[in-house]
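Letters go in sequence order (proteins before strands), and every chain restarts at 1.
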Number of protein chains: 2
Amino acid sequence: MDPHELIRIAEKTDQLEALPGQALFYEGDPARSFFTIRKGVVRLVRAFPDGRRSIVGFLHGGDFFGGGFGRSAYAATAEAVTPLEYCRISVSDLQLLTKEHPSLARQMSAMAADRLYAADDHIVLLARKTAQEKVAAFLLASSEWAGQADQFDLPMARSDIADYLGLTIETVSRTLTKLTEMGVIALPTPQHVSLLNRLDLRALARPEAESLDG
Amino acid sequence: MDPHELIRIAEKTDQLEALPGQALFYEGDPARSFFTIRKGVVRLVRAFPDGRRSIVGFLHGGDFFGGGFGRSAYAATAEAVTPLEYCRISVSDLQLLTKEHPSLARQMSAMAADRLYAADDHIVLLARKTAQEKVAAFLLASSEWAGQADQFDLPMARSDIADYLGLTIETVSRTLTKLTEMGVIALPTPQHVSLLNRLDLRALARPEAESLDG
DNA sequence: CGCTTCTTTGAGCGGACTCAAAAGCAGTGG
DNA sequence: CCACTGCTTTTGAGTCCGCTCAAAGAAGCG
C-alpha cells in the first residue's frame, strides 16, 4: 500500500523523461520493464488499424505499472499525456529486489488488484452508464486524482476522454456544455474544471443514485 | 501456467457444490477465500439498486479466482450459471502453502495478469464494438471455452449475454437471428450453437478486420 | 499573422433501446 | 395426454440517445 518504498528503490534505476504523445512501450512488445510515474499523466491505449481507439486507463504520479504483471507482452501501449518524469526498472532486477524486500511482492499484487478493481469499474461504466453519467463520473475521478480539489485541470484532450468513456469527442463536449448550463460545473477554459455542486454531480454520476436504506 | 498443481492442492480443501443462481460470495464481502472451478460456469456480477446489471466476466473449469487478489473485499458477486462443482481454500491457508510452493505465487500473479488482460479486451469490446461485433466475438470466445468446438452449448441465458456485452436481451436475440439468416451460425435450439463459417464470424467480430500488411 | 489543432455548435441520421405481444418450452397437476 | 402456468426467447413497431457529417469559433505556435 506504500508506493514510497517502490519509488525509493526505483530511484536507483533509470530516471527518464518523455514529451506528450511519446510512447513508453507498445502493446505486444516483450514486457521487460516496470515503471513508476514521478510526475505527469500516462494513458494506456489499445488501437485498431481502422482508427478506432480505446483508452483502458489513465495513470498518475505514484502509480506503478508495466511488466505485463506476469505476462510476456504488454497488454496496451503506454503514452505520455503530459510532460512526464518516470522511472524504469527491468523485470529481472525487480525480481532480485523482491527477494531482498518480500513486501515488494505484496505491493505488486496489490497494484495488480487495484488495476483489476478499476477495470471492473470501467467495464460497468462502459456497459451500463449514459453519456451524462460517464462524463460526471469522469469529472469526479479527475477530482480525486487532483486530491479531491474542486478546481483542477484536465490534462488530456477531449479525444482522450472520449476514447476512455466510449463516446465521441462531440458527445463529450456537448455533455460538458450541458453540465455547465445545469450549473454543476464551470469551464473557465476547456482544460480547467471547477466543480460547483459536488453532490449533484455525484447524483448524476451513478445509476444507484436512489436511497440505499433497506 | 499449470493450474493442475493448484487444483491438486485445492483438492485437499473444501469440495463444494452449488445450484444455478446460487452465490459463492457477494461483492463487498471480506475476501477470505480463493476458488477453483472443477465443473460448470460462474458469472462475476456487478449490480445496481435500480436493476442495471453488468457481468464483468465468466469463469470456467480450471479457472482460479476470488481472494480479491490482495484486496480486502470481493470486487463482484460470483454466481453459479450451471450446476457447479468447485473448491474453496482460505486466503490464510493459501498463503501458508505459498511458502512451501513458491511457484504458487507466480501462478497466482499469472492468473491476475490473465484477468487483467481479459478485462482490457472486455473494455475495448464494450467501448468500441457494434452489437454485431460484440455477439460475434462472444460466440468465438464461447467456442474457445468449449475447446474450439464448432458446436457447443451456451450455458447462460440471453440476459447474461446481454449484461456481459452491454446490450439488451432483445438486441442479442435479434443479432443471433441475423447471424443465422446470414448463414454463419445455426441455432438448433436457443442454447445450442453451431458455427457454420468460422472465418466470416471472425471477420465480423473485429474492427481490425482489414488487411494488416504495412 | 497565417497555419494547424482542438473544441464547440448545428443539423440530421441511424443503431440500439423501449414497450408490447407472440411464440416456444418445461414443469405440474387434473 | 393435455391444459395450464410461468419463464425464456423471439419478433414487431416506434422512439431516442449518441453518432456522423459539417462548419464555425478558440487557442497555440512559428
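- Residues forming a side chain to side chain contact (heavy atoms under 4.5 Å, CB included) with B:A31 (at least two apart in sequence, or on another chain): B:Y74.
- For the ring-ring contact (aromatic ring centres under 6.0 Å, His included) test, no residue two or more places apart in sequence or in another chain qualifies with A:F152.
- The side chain to side chain donor-acceptor pair (under 3.5 Å) search around A:S159 returns none, not counting sequence neighbours.
- Ion pair A:R206/B:D50 not flagged as a salt bridge, since none of the NZ, NE, NH1 or NH2 atoms sits closer than 4.0 Å to an Asp/Glu carboxylate oxygen.
- Every residue was checked against the ring-ring contact (aromatic ring centres under 6.0 Å, His included) condition with B:H192, not counting sequence neighbours, and none meets it.
- For residues 169-180 of chain B, no pair satisfies salt bridge (charged side-chain N to carboxylate O under 4.0 Å, His left out), with sequence neighbours left out.
- Among pairs with a residue in residues 110-137 of chain B, those fulfilling ring-ring contact (aromatic ring centres under 6.0 Å, His included) read B:H122-B:Y164, at least two apart in sequence or across chains.
- Residues of residues 156-169 of chain B having a heavy atom closer than 4.0 Å to DNA chain C, listed by number: B:G166, B:L167, B:T168.
- Here chain A contacts DNA chain C (any atom closer than 4.0 Å to a heavy atom, that is under 4.0 Å), and the contacts span C:dT7 to C:dA11 from 5' to 3'.
- Applying the side chain to side chain donor-acceptor pair (under 3.5 Å) rule to B:E79 yields the partners B:R43; only residues at least two apart in sequence or on another chain are considered.
- Chain B approaches DNA chain D over the interval D:dT9 to D:dA13, counting the first and last nucleotide 5' to 3' with an atom under 4.0 Å from its heavy atoms.
- Among residues at least two apart or in separate chains, salt bridge (charged side-chain N to carboxylate O under 4.0 Å, His left out) pairs with a member in residues 137-152 of chain A are A:D150-A:R198.
- Using a 4.0 Å heavy-atom distance criterion, B:Q191 is classed as a sugar-phosphate-only contact.
- The side chain to side chain contact (heavy atoms under 4.5 Å, CB included) search around A:D120 returns A:I123, B:R46, B:V56, B:A75, B:R115, not counting sequence neighbours.
- A:T189 comes within contact range of no nucleotide atom at all, as no heavy-atom separation falls under 4.0 Å.
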